[in-house]
**Student:** 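Let me begin by handing over the structure; questions about it come next.
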Amino acid sequence: MRLSQFHLATVKEVPADAEITSHRLMLRAGMIRKLASGLYTWSPLGLRVLRKVEHVVREEMNRAGAIEMLMPSIQPKELWEETGRWQKFGGQLLKIKDRKQQEFCYGPTHEEVITDFARNELKSYKQLPVNFYQIQTKFRDEIRPRFGIMRAREFLMKDSYSFHLTQESLAETYAAMYQAYTRIFTRLGLTFRAVQADTGAIGGNASHEFQVLADSGEDAIAFSDGSDYAANLEKAEALAPTIERPALTAALQRVDTPTQKTIDDVAGYLKVSPQQCVKTLLLRGTEGLVALCLRGDHEINQVKAGKLAELPDEPVLASEEEILAATGTRPGFIGPVGLPDSIPVIVDRDAAVLGDFVCGGNADGSHYTGANWLRDAQITRIADLRNVVDGDLSPDGHGVLHIARGIEVGHVFQLGQKYAEALNATVVDDQGKPQLMTMGCYGIGVSRIVAAAIEQRHDDAGILWPEAMAPWRIAVCVINPKNTPEVAEAAEALYQALSQRGIEAVLDDRGLRPGGMFADMELIGIPHRVVISERGLAAGTLEYRARNETESRAIGQAELFALLG
RNA sequence: CGGGGUAUAGCUCAGUCUGGUAGAGCGUUGCGUUUGGGACGCAAAAGUCGGGGGUUCGAAUCCCUCUGCCCCGACCA
C-alpha cells in the first residue's frame, strides 16, 4: 500500500474522557471513530487489523473442523419466545419492529437461530457431530457502554455451536475448541490464561474463559503459582481453613459502638483486626430472610451465594425496612447472636473457625465482643461464600492463589440440551428413535481482541502490534524524495521487492517531514521500519529499526528479507 | 435505573459566575522559506454557541424544557 493512496487519519488530540490506553490509541491512530454511544466506524486502518484477527480465527476454526456459515443479524421474536429469552434476556436485547409491526431483535447471540437451523437440517445421528461457526456483528444494548471498542454495544464476534448425540462427543469437540482457542491466542501474540468459569444459570458441565491479562481488565481471575489451576473469581473455591476453631476464652460482652457501622470503623474503634470480626449480611431468601456470615476482611461472592438452596439465583440484599422489621435494628449492627430462629445462619468456612469474635449486637449502636459459635450463635450450615484473596491456598492443593485482572476474549461452554429441548431439536439414533441433541457453544470477541492486544502491547509512542495483527508488517519511509530522485526510486524498488515476496509493506510516500512520518508509523504500530534517504543510499545499506527497539541498525536487503521470513 | 457532569469552528478546548456584535491551539486551503524526530512566516476559509420555549432594549451567558454524550454505582452468556 502506498500511503499517498490510503486514508491514514492519525490525530494528536483525543477527548479527555477516553480513559483507557487502547481507546485513546485507537482514536489517535485513526482506527475507529465513534458514531454514537457504543457504536464505532472502523476506518480502513482499523479494518485491516480486524481482518487480521478474523483471518487467524478462521484458519484455526477450519483447522479444528468447524464449518463456516452466516446467520442473519436480525432475528424474529417467535424464536426467542420458544426459548423464553424474549423476556429473560432483559434490556440488553434490542427489540425492533418492521413496517407490518412484526417484532424482531438485533441478535445478541445466535443459539436460537442455529438450533432452529439444526432442527431443520439435521435428521440423523450420522450427521453428527457437527460444529458450525460464523463471524458476525452482534448487538447488546449494554447498560453502560465504555472503553471504546472494549465494551461497545455493536461488536464483531466469532460464535460457533456444536451438535452431538452424546456427552462424550461434546467433550471431544469441547477439547478441540479449547485447543483451537489456545492456538488462536498464541498466534495472535497475546499473553492469556484459560480459566475455569462458572456455568451460571444455564448449567452445563464445563466452561472456560480465555482471559488476556491486563491491569485494565474488567474481570478478576485467580491463578495458582504452583500448578496450572486458574479460575475466574466467581468460580474459584475458597478452601476450608486447616485450623480448628480455637477454644473459647472470652465472655460474651455487649459494647457501645454508637456510630460505627462498617467493619473498618468497628475494628478501629474496638482496636481489633477486621479478621477478628464477623460481618453479617441479610438477604432476601426464597422463604424469608437469610443471614450470611463472613470474616470481616472477606467479600461475599454473589455467584456462590446464589447457589445456596435458601437463596434465589441472583440474590439481593434485604431492604433497611425488612431488616428493621425482622431484627429491630439497622444494617451495620446485625450479628448472628440472638437472631430470630426463623432466619437461617449460613456461615463462611473462614468465619466458622473464628473464636472470641466481634459481631453486630442486633441493636442500634451496639456490638458484641467475645462472641463464639455454638455457645452464643447457632450455625445452620457452613459453606464457601467468599471471594478468594491473594495468598489463599489453591483448590487443587498445589501452590498459592494470586489475583490478576483479565479481559475476556473467548469463552467455551458445554451447553447441554437446554436449547435443543426448548426448540425440540432431535435426530434419530441408530435405533431409529428421536434423541435430543447435546450442544456446545464457543465465542470469541473479535473486535475486543484488537483493544485487548493494545492494552497489552503499547508504549509512549503508540501501539506495538504482534506480527499477526499488524496492518502492515513493514513501513518504508522515504526522506526527501523530491530532492533526490534516486531516493524515491530506491524506496519504490524496495517496496516492490517486498511486495513480490508477499511481505505486506506500506510505502510512506506522503512527503512528510521525517518526524511526522516516524511518529505516525510508531503510533500505528508497524513492527518493522526501513528508512530510505540520501545518507543511506551513499552507505549502500538499509537503515532498519524494529518497533520494539530504540536504535536503528544498518542491514543489507538480503538480511532484511531473511528477517521478515 | 440511581447519582454527578457536559454540549461553543473539522478536532481538542477557553469564554457562561458578573448579559453588550464569537476566541485559542491543532487541523484545512494558498504562497514562500524549509527538510533525520510532529518546522517557520504571511494570507485565508470555517461556528443557527445541541433543539425548543421564556426573561430582557439585548442571551453562548439567566430561567424552563427536551435530546445527545461522558463519568461513578448497580448490572453483565
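Letters A, B, ... are given to chains in the order of the sequence lines, protein chains preceding strands, and every chain is numbered from 1. Keep in mind that this is a model prediction, so the values were computed, not measured.
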**Student:** Any side-chain donor-acceptor pair under 3.5 Å between A:D159 and A:Q136?
**Tutor:** no

**Student:** For the rings on A:F192 and A:F185, is their centre-to-centre separation under 6.0 Å?
**Tutor:**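 Yes - the distance between ring centres of A:F192 and A:F185 falls below the 6.0 Å cut-off.
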
**Student:** Could you tell me how far B:rG15 sits from B:rG47 if I compare only their C1' atoms? Round to whole Å.
**Tutor:** 14 Å

**Student:** Which nucleotide, in any strand shown, forms a Watson-Crick or G-U wobble pair with B:rA7, with both distances under 3.5 Å?
**Tutor:** B:rU67

**Student:** Taking the C1' atom in each of B:rU16 and B:rC62, what is the distance between them to the nearest angstrom?
**Tutor:**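 About 10 Å, rounded to a whole number of Å.
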
**Student:** Is there a Watson-Crick or G-U wobble partner for B:rU34 with both distances under 3.5 Å, and if so, which one is it?
**Tutor:**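 Its partner is none (no Watson-Crick or G-U wobble pair with both distances under 3.5 Å).
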
**Student:** Does any nucleotide pair with B:rG23 by Watson-Crick or G-U wobble geometry, both distances under 3.5 Å, and what is it?
**Tutor:**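 Check on B:rG23: paired to B:rC13, both distances under 3.5 Å.
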
**Student:** When all nucleic acid strands are considered with a 4.0 Å heavy-atom cut-off, which category describes A:P108: base, sugar-phosphate, or nothing?
**Tutor:**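 Nothing, no nucleic acid heavy atom in range.
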
**Student:** Given the side-chain rings of A:W472 and A:F6, with only the six-membered ring counted for Trp, is the space between their centroids under 6.0 Å?
**Tutor:** yes

**Student:** Using a cut-off of 4.0 Å on non-hydrogen atoms, how would the nucleic acid contact of A:R545 be classed: base, sugar-phosphate, or nothing?
**Tutor:**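 Base contact - A:R545 has a heavy atom under 4.0 Å of at least one base atom.
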
**Student:** Looking at B:rC76, which nucleotide sits across from it as a Watson-Crick or G-U wobble partner, both distances under 3.5 angstrom, or is there none?
**Tutor:** none

**Student:** Find the partner of B:rC62: check Watson-Crick (N1-N3 plus N6-O4 or O6-N4) and G-U wobble (N1-O2, O6-N3) distances, both under 3.5 Å, and reply none if neither fits.
**Tutor:**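 Result: B:rG54.
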
**Student:** For RNA chain B, whose closest nucleotide is more 5', that of A:S552 or that of A:M157?
**Tutor:**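 Nearest-nucleotide comparison on RNA chain B picks A:S552.
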
**Student:** If each of A:R28 and A:E234 is mapped to the nucleotide of RNA chain B with the nearest heavy atom, which maps nearer the 5' terminus, i.e. the 5' end?
**Tutor:** A:R28

**Student:** Using the P atom as the reference point in each nucleotide, state the distance between B:rC57 and B:rG19 in Å, no decimals.
**Tutor:** 15 Å

**Student:** Would you mind classifying the nucleic acid contact of A:R529 as base, sugar-phosphate or nothing, using non-hydrogen atoms under 4.0 angstrom?
**Tutor:** base

**Student:** Can you tell whether the side chains of A:R58 and A:E68 come within less than 4.0 Å, N to carboxylate O?
**Tutor:**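 Yes, charged N to carboxylate O under 4.0 Å.
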
**Student:** Going by atom types alone, do A:Y181 and A:H208 pair a side-chain donor with an acceptor below 3.5 Å?
**Tutor:** no

**Student:** Side chains of A:S207 and A:H411 only: does a donor on one sit below 3.5 Å from an acceptor on the other?
**Tutor:** yes

**Student:** Output every pair passing side-chain hydrogen bond (donor to acceptor under 3.5 Å, both in side chains) with a member in residues 444-462 of chain A, not counting sequence neighbours, ordered by first then second residue.
**Tutor:** A:S22-A:E455, A:S216-A:E455, A:D459-A:R547

**Student:** For the rings on A:Y178 and A:F210, is their centre-to-centre separation under 6.0 Å?
**Tutor:** yes

**Student:** Please report the distance separating the P of B:rC49 from the corresponding atom of B:rG10, rounded so that it comes out in whole Å.
**Tutor:**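 The answer is 12 Å between these two P atoms.
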
**Student:** Distance check: side-chain N/O of A:R513 vs OP1/OP2 of B:rA39, anything under 4.0 Å?
**Tutor:** yes

**Student:** Which atoms of nucleotides 66-75 of chain B (N or O only) lie under 3.5 Å from a protein N or O atom, and what are those distances?
**Tutor:**
residue: B:rC69; atom: OP1; partner: A:S37; partner atom: N; Å: 3.3
residue: B:rC69; atom: O3'; partner: A:K34; partner atom: NZ; Å: 3.0
residue: B:rC70; atom: OP2; partner: A:S37; partner atom: OG; Å: 2.9
residue: B:rC72; atom: OP2; partner: A:R144; partner atom: NH1; Å: 2.7
residue: B:rC72; atom: OP2; partner: A:R144; partner atom: NH2; Å: 2.4
residue: B:rC75; atom: N4; partner: A:R146; partner atom: NH2; Å: 3.4

**Student:** Would you kindly say whether A:Q211 and A:D219 are connected by a side-chain donor-acceptor distance under 3.5 Å?
**Tutor:**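 Yes - a donor-acceptor pair under 3.5 Å links their side chains.
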
**Student:** Starting at CZ of A:R448 and ending at P of B:rC76, how long is that distance when rounded to a whole Å?
**Tutor:**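 That distance rounds to 15 Å.
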
**Student:** Could you tell me which non-hydrogen atom of A:S73 sits nearest to which non-hydrogen atom of A:H110, and how far apart they are?
**Tutor:** CA-NE2, 4.3 Å

**Student:** For B:rA43, give the paired nucleotide (Watson-Crick: N1-N3 plus N6-O4 or O6-N4; G-U: N1-O2 and O6-N3; both under 3.5 Å), or none.
**Tutor:** B:rU29

**Student:** Is the phosphate of B:rG27 approached by A:K12 (side-chain N or O, under 4.0 Å from OP1 or OP2)?
**Tutor:** yes

**Student:** Can you tell me, in whole Å, how much space there is between the P of B:rA14 and that of B:rG52?
**Tutor:** 24 Å

**Student:** With sugar-phosphate meaning primed atoms plus P, OP1 and OP2, does A:V531 contact a base, only sugar-phosphate, or nothing at under 4.0 Å between heavy atoms?
**Tutor:** base

**Student:** Quick one: which protein N/O atoms are closer than 3.5 Å to N/O atoms of nucleotides 29-33 of chain B? Pair and distance per line, please.
**Tutor:**
none

